Amino acid sequence: MHGASLVTPATLEKVLRSLPMWKVEFAQINAPNFPHLVDQLEFLADCVEDVAEGAYKDLPYSALSAAVFAITYAHKKTDIIPDHIGPLGHADDSGVARAAIILYGRAFAAYADKVGVDFDKITSQP
């Protein structure tokens, strides 16, 4: 929540410029202990992109800022658990993405419904 509270429109603008590369990066994550992580990050990135570009206007700003924080955190190379640390390397990334999805599940479910994504596939499970 604290990290999401620091997201500003300027942060969103910077993230939006980086999203195409981050999506490629997320697609290449190999984290078998966190099988939903890639889908969750791609979903959150798509949501951020759609809201920022005006294609979806019904997401609360709190949910948007949580999504921005989650994908920014996952992109960072220095985080609580470095990604290269064996099977637990993406545990923190997964936790942050899951927290955003759990906290704003209803808002993200409405977005998923609007864009034709099966929200059950974007599970809040690890």
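The model shown is predicted, which means the values in this text are computed figures rather than measured ones.
For the side chain to side chain contact (heavy atoms under 4.5 Å, CB included) test with Gln40, the passing option among Asp93, Ile122, Val96, Ile71 is Ile122; the others fail.
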Per-pair distances, 0.1 Å, donor-acceptor, side chain in residues 9-21, under 3.5 Å, sequence neighbours excluded:
unit_1	atom_1	unit_2	atom_2	d
Thr11	OG1	Thr8	N	3.3
Thr11	OG1	Thr8	OG1	3.0
Glu13	OE2	Arg17	NH1	3.3
Ser18	OG	Lys14	O	3.3

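Distance check, rounded to the nearest 0.5 Å: CH2 of Trp22 to CG of Leu44 gives 12.5 Å. Within the model, atoms SG of Cys47 and CG of Leu64 stand 7.0 Å from one another, a figure rounded to the nearest 0.5 Å. Atom CZ of residue Phe34 and atom NE2 of residue His90 lie 8.5 Å apart, to the nearest 0.5 angstrom. Distance CZ/Arg98 to CG/Leu103: 11.5 Å, rounded to 0.5 Å.
Here the closest heavy-atom approach between residue Ser65 and residue Val7 is recorded as O-CG2, 3.6 Å. Nearest heavy-atom pair, Ala31 versus Leu37, reported as atom, atom and distance to 0.1 Å: CB-CD2, 4.5 Å. Across Val38 and Ala27, no two heavy atoms sit closer than the pair CG1-CA, 4.1 Å. Shortest non-hydrogen contact noted between Leu41 and Ala70 is CD2-O, 4.3 Å. Scanning all heavy atoms of the two residues, the minimum distance from Phe119 to Gly105 falls at CZ-O, 3.8 Å.
The aromatic rings of Tyr73 and Phe69 sit tilted relative to each other, their planes meeting at an angle between 30° and 60°.
In this structure, Ser62 and Tyr104 have side chains that are in contact, with non-hydrogen atoms separated by less than 4.5 Å. Between Leu59 and Phe108 the shortest side-chain heavy-atom distance falls below 4.5 Å.
Residues meeting the ring-ring contact (aromatic ring centres under 6.0 Å, His included) test with Tyr56, sequence neighbours left out: Tyr111. Here Arg106 pairs with nothing under the salt bridge (charged side-chain N to carboxylate O under 4.0 Å, His left out) rule; sequence neighbours left out. Evaluation of the salt bridge (charged side-chain N to carboxylate O under 4.0 Å, His left out) rule for Glu53 yields no partner, not counting sequence neighbours.
Pairs of residues two or more places apart, or lying in two chains, never qualify as salt bridge (Lys or Arg N to Asp or Glu O under 4.0 Å) while including a residue from residues 63-74. The salt bridge (Lys or Arg N to Asp or Glu O under 4.0 Å) contacts involving residues 36-46 comprise Lys23-Asp46, where partners must be two or more places apart or lie in separate chains.
At least one donor-acceptor pair under 3.5 Å links the side chain of Thr72 to the backbone N or O of Val68.
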